[in-house]
*Asks:* 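Below is the structure I would like to discuss, written out as structure tokens.
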Amino acid sequence: MVISIDYIAQGFKEAINLLISFDKEIYEIIFLSLFVSTSATIIASLIFIPMGIHLGIKDFKGKKAFSRILYTFMSIPSVVVGLLVAILLSRRGPLGHFDLMYTPKAMIIAQTLLVTPLILGLTYSLGKNRGKEIQKIGITLGAGKFDIIILIIRELKIDLIVNVVTAFSRAISEVGAVMIVGGNIKNRTRVITTAISMMNSMGEYPMAIALGLVLLIISFGINSLIYTYSGED
Amino acid sequence: MKVSISTLKKYYSDKQVLDIDNLCIEKGKITGLIGPNGSGKTTLLRIISGLDSDFTGTIKYDGSLLDEGIYKKMTLVTQKPYLFKRKVYENIEYPLKVRKVNKAVRKKKVEEIMYRFEIQDLRNKKGHLLSGGESQKVSLARALIFEPELLLLDEPTSNIDPVSIKIMEREILNFNRETKGTVLIVTHNIEQAKRLCHRIIRLDCGRVVE
């Protein structure tokens, strides 16, 4: 028992050393993770936040069925998204001629698809529940359709930030999609989660612990951000 | 703006809440709408404002059916107004902003109306953090700033102090006098209706009992 605790403690010590010595490989992995997940979250947010608000406040035929399908897709497994993107981007696939497989671009596409139902679903729900009241005020003050979308986004910005951060958390912590479409290639497509998975199977715990710590720090930073914003509201 | 209502019927589930054969809200006049709770006053206001389109019958605004152009010429102030999570100044400025009014003109008008409503001290406070009475004053100022042709008021002075009521009544009268805007006001206060209105309509069980 003492030996195993020492072993874990040794792993932590080496992990801290790797981080404070600015190990190049570790920091490349961290930056690529942040770049891929941030890009995917920004792309999905820019397109699907306005769309989610619009669909939430609009009454249309089949809205109930649409809600159910959308909420189901919010929990889609990341490996399924990875598989779908791999089929599309593989050489024999319909988008194979773009030669994107095993590149960061493919990883961004996969993560964008992964977080899209989450951003759309959360925003749609917000629009449906709270956006309608704001829409009515906008109408009585003479706002046009576009003005109303902007007004709702501004009024619900704290909730929307929380939604975006939730989507980012899902993106940065998933392993299935980026593993399938990125391939975990050293210095090219290796990100925190795929690296941890690989280091674990190789028994290289210090590096895995170091990356795990970074994921925890990112998670702590995100939660602090949400807490600060919510407190200000 | 003249509002002509004919054969208006409105149901909530199976219950009929409005049944109006003919009603005309005269242009340039202040019309009071009184009646007991549940008589359909607020529902009528929501229908006229376009927020509730689930009814049968016809409503014409200066002879035309409701469209986006008419939306822009009228406004509704509710009993519990929703103010945006931004400064009071920006709340009042909003209707002018969506109408693309020049910034300098906006500033002049907002300053002027804040002075008239005696709410200059609220300028930098966040709208959603105001008290009920303050919200009602700001909400009326926000409605009047773009000089609507039709002003719909749903108990705009409920639960506020007598001094504020006096200011709000003065501004409603001034608005009507200066712009010839039509006003339809729902109130439970018969004395207030007498002070403000050229004509008072009584609703009972969804029917007009003048």
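By convention in this document, chain letters (A, B, ...) are assigned in the order of the sequence lines, proteins followed by strands, and residues within each chain are numbered from 1.
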*Asks:* For A/Lys145, does the NZ atom sit with more than 12 other heavy atoms under 6.0 Å from it, leaving out its own atoms?
*Replies:*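 No, not enclosed.
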
*Asks:* Please determine whether the number of non-hydrogen atoms from other residues, nucleotides or ligands lying under 6.0 Å from atom OH of A/Tyr27 exceeds 12.
*Replies:*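 Yes, the 6.0 Å shell around OH holds more than 12 heavy atoms from other groups.
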
*Asks:* Checking an interface table here. Which of residues 164-181 of chain A come within a heavy-atom distance under 4.5 Å of chain B?
*Replies:*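 Residues of residues 164-181 of chain A touching chain B at under 4.5 Å: none.
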
*Asks:* With chain A as the partner, which of B/Phe146, B/Phe84, B/Tyr71 has the greatest number of non-hydrogen pairs under 4.5 Å?
*Replies:*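 Result: the option with the highest number of such pairs is B/Phe84.
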
*Asks:* Is a side-chain N or O of A/Thr140 found less than 3.5 angstrom from the main chain of B/Thr75, in a donor-acceptor match?
*Replies:*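 Not a single qualifying donor-acceptor pair exists.
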
*Asks:* So, for B/Arg142 and A/Leu141, which heavy atoms are closest and what is the spacing to 0.1 Å?
*Replies:*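 The answer is NE-CD1, 3.5 Å.
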
*Asks:* Write down the atom of A/Arg130, the atom of B/Lys85, and the distance for their closest heavy-atom approach.
*Replies:*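 In terms of heavy atoms, the two residues are closest at NH2-NZ, 3.7 Å.
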
*Asks:* Could you check whether atom CZ of A/Phe60 has more than 12 heavy atoms from other residues, nucleotides or ligands sitting under 6.0 Å from it?
*Replies:*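 Yes.
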
*Asks:* Looking at A/Phe73, I want to see if its CZ is surrounded by more than 12 non-hydrogen atoms of other residues, nucleotides or ligands under 6.0 Å.
*Replies:*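 No, because the 6.0 Å sphere around CZ of A/Phe73 holds 12 heavy atoms or fewer from other groups.
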
*Asks:* What distance do B/Leu51 atom CG and A/Lys132 atom NZ have between them, rounded to the nearest 0.5 Å?
*Replies:*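 Reported to 0.5 Å precision, the distance equals 12.0 Å.
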
*Asks:* Using 0.5 Å steps for rounding, measure from the CE atom of B/Met74 to the CD1 atom of A/Ile139.
*Replies:*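 With rounding to 0.5 Å, CE (B/Met74) is 10.0 Å from CD1 (A/Ile139).
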
*Asks:* Taking side-chain contact (heavy atoms from CB on, under 4.5 Å) as the test, write out the residues that go with A/Tyr71, two or more places apart.
*Replies:*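 If we apply the side-chain contact (heavy atoms from CB on, under 4.5 Å) test to A/Tyr71, skipping adjacent residues, the hits are A/Ser67, A/Met74, A/Tyr124, A/Ser125, A/Lys128.
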
*Asks:* May I have the step-by-step check of side chain to side chain contact (heavy atoms under 4.5 Å, CB included) for A/Lys136 and B/Thr78, ending in yes or no?
*Replies:* CA-CA 11 Å; A/Lys136 283 173 189 167; B/Thr78 58; over 6 Å; no

*Asks:* Counting heavy atoms not belonging to A/Phe66, are there more than 12 under 6.0 Å from its CZ?
*Replies:*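 For A/Phe66, atom CZ is crowded (more than 12 foreign heavy atoms under 6.0 Å).
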
*Asks:* Taking atom NZ of B/Lys9 as the centre, does the number of heavy atoms from other residues, nucleotides or ligands within less than 6.0 Å exceed 12?
*Replies:*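 Above 12, so yes.
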
*Asks:* Do any of residues 87-94 of chain B come closer than 4.5 Å to chain A, heavy atom to heavy atom, and if so which ones, in number order?
*Replies:*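 Near chain A, by residue number: B/Glu90, B/Tyr94.
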
*Asks:* For B/Asp62, enumerate each residue passing the side chain to side chain donor-acceptor pair (under 3.5 Å) test, keeping only those at least two apart in sequence or located in another chain.
*Replies:*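 Scan of B/Asp62 (side chain to side chain donor-acceptor pair (under 3.5 Å), adjacent residues dropped) gives none.
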
*Asks:* I'd like to know whether CZ of B/Phe55 has more than 12 heavy-atom contacts from other residues, nucleotides or ligands below 6.0 angstrom.
*Replies:*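 Count over threshold, so yes.
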
*Asks:* Could you tell me which portion of A/Glu133 (side chain, backbone, both or neither) has an atom closer than 4.5 angstrom to a non-hydrogen atom of chain B?
*Replies:*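 Looking at A/Glu133, just its side chain touches chain B.
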
